[in-house]
Structure formats: structure tokens, C-alpha cells
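One structure is given below, encoded as C-alpha cells.
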Amino acid sequence: MSSSSAEAPAFDPWQPSFVADPYPAYAALRERGRAHWFEPSRQWLIPRHADVSALLRDRRLGRTYLHRFSHEEFGRTAPPPEHEPFHTLNDHGMLDLEPPDHTRLRRLVSKAFTPRTVEALVPTIRRFADELVDSLVASGGGDLIAAVAEPLPVAVIAEMLGIPRADRPALRPWSADICGMYELGPSEETARRAVRASLEFSGYLRELIEARRKTPGDDLISGLIAAHDEGDRLTEQEMISTCVLLLNAGHEATVNTTGNGWWALFRHPEQLARLRADPDALLPTAVDELLRFDTPLQLFERWVLEDIEIDGTIIPRGSEVALLFGSANRDPARFERPDTLDLSRADNPHVSFGAGIHYCLGAPLARLELAASFGALLRKAPGMRLVKEPEPQANFVIRGLRELLVEL
């Protein structure tokens, strides 16, 4: 198939067998060319590492086009009015903004993610991880996703934002419903759930922001309010959208990397044995290798704001490209033995955290959380083993497991 071919037939994100293991289809795409038109989602699929990495940094592409064009000018249809609460929430977060709004918001939020601030969280993160693993051990095992993977990053980011403990159980369900809209061709039922979650989450945060205005605390929401009061332009909607983005992005990747990572380790017992033998030495490279090997974000979209050319194929303004992170991370042109899990891999420029101006602000925090939870499990549950083969979630874009049942 040439790079301008009509379709890459092996790529089928709605097929359960593809979702379970998309990597052979990615290999076929990379072999066939650098850009493939995929009619079902009307996107250009970009499977190779060099192109994905370059396009993430290319300012001729953007996460939005509305800072430069109307829907009509860009040849696109506005979202249905009934989806408006989701889009209002999503479109005011910095992930879906471009400069200058993106620059302004990122500068404000980045104050909470300085190396010193993140380093100061290490004792808290380790304490949370130890408590969760102790509970799993006391139970003799259970679902690793529900017992450790989910509560740890939710607790950390909720602590940073100052969300009371009693309110935290609602965060993960809201996040899951909102993130359903990031899949390819979400159903109307998915959209309804996302709209409902957007309204409920926004309403909750609006009340919390009001409470923090009256009684500020030592948390990020209070910090954003103070920044606004000191003259930094920040609307209430931007504040709400930023908090939701931090909560969603702040735990989705960590939850799914934990599940996908342990599932990979159980399938590669020789690598798990190496990690158990010397966790302190291997964990830093192991975390990045697990992020590369089965990335929690398989695809990231960009709008083409000006015509671009890939391998002789013109991709015109108004198009959408789907950057295949999962494929880029297994590209043999960039990674030696890409389909081999090697926890000591040192040369590892995976794209799981993105690149360019939208590079994940929370990447250092995610690495800390992953090192803490993997470290606690290796120390406290050295004989942990799989009870049964896990089922993948039905989603393709955000890749994870329904559950991961373990015993000690």
C-alpha cells in the first residue's frame, strides 16, 4: 500500500482482536508507508516514530483550529448543541488550546509542577503507595487496578488540588465518562455520559472554587485563585477546565501504565525476575520501558492548520492527523528490538508523554507515582502472581485493562 492509499485494512480500532493486540497492524502500517488515509474516521494515520515526533513539534498543526478559523472556514461542522457542556469543559483546558492562551495557562499551572514541588511530594506518594499495597497484602490479593493503580494517582492529584477525601470516589467515574469522548467515533450514549459528567464535575468544582475563595488553603485551586486576583487573566471556566484536565490527565496514564505494565511483566517472567532482584537499580529505566512497550495513550490527534507534505503526499489544511503513539513506540527504525521488553533500555525516546509545547506537564509526577507503586509491590508482595488472564478495556485510544486479578 502506498502512502496515499485509500485505507490500511489491518487497522480496525473497533475490532476486539485489534484492541487486544494492535502491534502487528502497526507494523504493517509502518511497512506500507508514512501516511495512510483512514476513511472510517476520516483521518490520516501517522505510524512512524520520526514523523510522529516531528509533527508533535510542528506549529503548522494544532490541538484546535478555533484560534485561527471558524468551523465554516476550516471546512468542519460545529459539534451538536447537546454536546456543548463537554466541549465547553474540554476546549478551555490548556491541552486543547494554542498560544497565546495555552502559554498563559501553562505558565500558571507549571508553578505547581516545578522539580522542587514534585520532589516535595515524594514522601506523600510513597506513603499512599505503601498504605494501598499493605491493604492489598492484608487481603491476600485482589484486583490490582481497583486496589492500587486507581486510588494512588487520584489521591495524589486530589491532594494537590485540595479536594476533600470524602469527595474523591466520584472523580474516577467522572473522568472515565469524559474520556470516552476521546475514542474514535464515540456513540451517542458515550456522548450523553460525557455531557452528564461534564456538568456534574463542573458544578462540583464551581462550588469548591467558591469555598476556596472564602477560605483559601495550601493547594493548587487556591493558588489559581490567588494568581487571578493578582492580575493573571484566568476565567472561572479556564480554572474549572484546568482542574478537570489535571485530574483526568493526572491519573489516566498512571492507572493504565500500572495495569499494562504488570500485565507485561507477568508475560515476561525473566524481566520480572530481573526487576525483583534489583528494583532500585532498574526501576528508573523500567518505568520508561513499560510506558514505551504498551503505552496508555495509543493515538493523539492534531488539526492541520497549513498544508503539510509527508513522503510526497500533501495533507491539506482542514485535515486531521492521528499520531499513532503505540506504533511510534515500536518503530524498529528508532528502537533496537522494539517488540522486546527490556527493562534496562537506556536509549528510550518514547512519545508516551507527547512532545513540543503540549508535552505532558505531569510527566515527572507520573514517573514518581509509577516508581512508588511498582517499588512498594516489589518490596511488600514479592510473590505476587496472576490469577487469570485479564480482559482489555473495549477502548482503543486510551489503552488499559478492566481488572488485573492477583494473589500473593
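In this text, all values refer to a predicted model and were calculated from it rather than measured experimentally.
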| Ion pair E189/R193, N-O distance below 4.0 Å | yes

| said: The criterion is side chain to side chain donor-acceptor pair (under 3.5 Å); which residues satisfy it with T64, sequence neighbours excluded? | reply: none

| said: Among L105, L234, V244, which residue satisfies the side-chain contact (heavy atoms from CB on, under 4.5 Å) criterion with M239? | reply: L234

| Is R302 salt-bridged to E320, cutoff N-O under 4.0 Å? | no

| task | Output yes when D307 and R60 qualify as a salt bridge under the 4.0 Å nitrogen-oxygen rule, no when they do not. | result | no

| request: Answer with yes or no after comparing the ring centroid distance for W262 and F374 against a 6.0 Å cut-off, counting only values under it. | output: yes

| request: For E309, look at atom CD and say whether over 12 heavy atoms of other residues, nucleotides or ligands are found less than 6.0 Å away. | output: yes

| message | One thing to verify: whether D342 and R292 come together as a salt bridge, which I'm taking to mean a side-chain N less than 4.0 angstrom from a carboxylate O. | response | no

| Do we see a donor-acceptor contact under 3.5 Å between the side chains of S187 and T190? | yes

| query | If we only count heavy atoms from C-beta on, is the L95 to F300 side-chain gap below 4.5 Å? | reply | yes

| query | Are R379 and D130 ion-paired here, with the side-chain N under 4.0 Å from a carboxylate O? | reply | yes

| Taking the six-membered ring for Trp, are Y23 and Y26 ring centroids under 6.0 Å apart? | yes

| query | What residues, two or more places apart in sequence or in another chain, satisfy side chain to side chain donor-acceptor pair (under 3.5 Å) together with S198? | reply | none

| request: May I ask you to check whether H350 and F325 place their ring centers less than 6.0 Å from one another? | output: no

| request: Taking the six-membered ring for Trp and the single ring otherwise, decide whether the centroids of H358 and F353 are under 6.0 Å apart. | output: no

| Using 4.0 Å as the upper bound for N to carboxylate O, is an ion pair formed by R274 and E270? | no

| message | For R317, is there an ion pair with E306 - N to carboxylate O distance below 4.0 angstrom? | response | no

| Ring-face cation of R330 near F293 (centre distance under 6.0 Å, axis angle within 45°) | yes

| On the ring face of W263, is R267 found with NZ or CZ under 6.0 Å from the centre and within 45° of the axis? | yes

| Basic-acidic side-chain contact under 4.0 Å: R63, D96 | yes

| query | Between F396 and F11, is the gap from one ring center to the other below 6.0 Å? | reply | yes

Using distance only, find each side-chain donor-acceptor pair of residues 116-126 under 3.5 Å and give its atom names and separation, not counting sequence neighbours.
unit_1 : atom_1 : unit_2 : atom_2 : d
T117   : OG1    : T114   : OG1    : 2.6

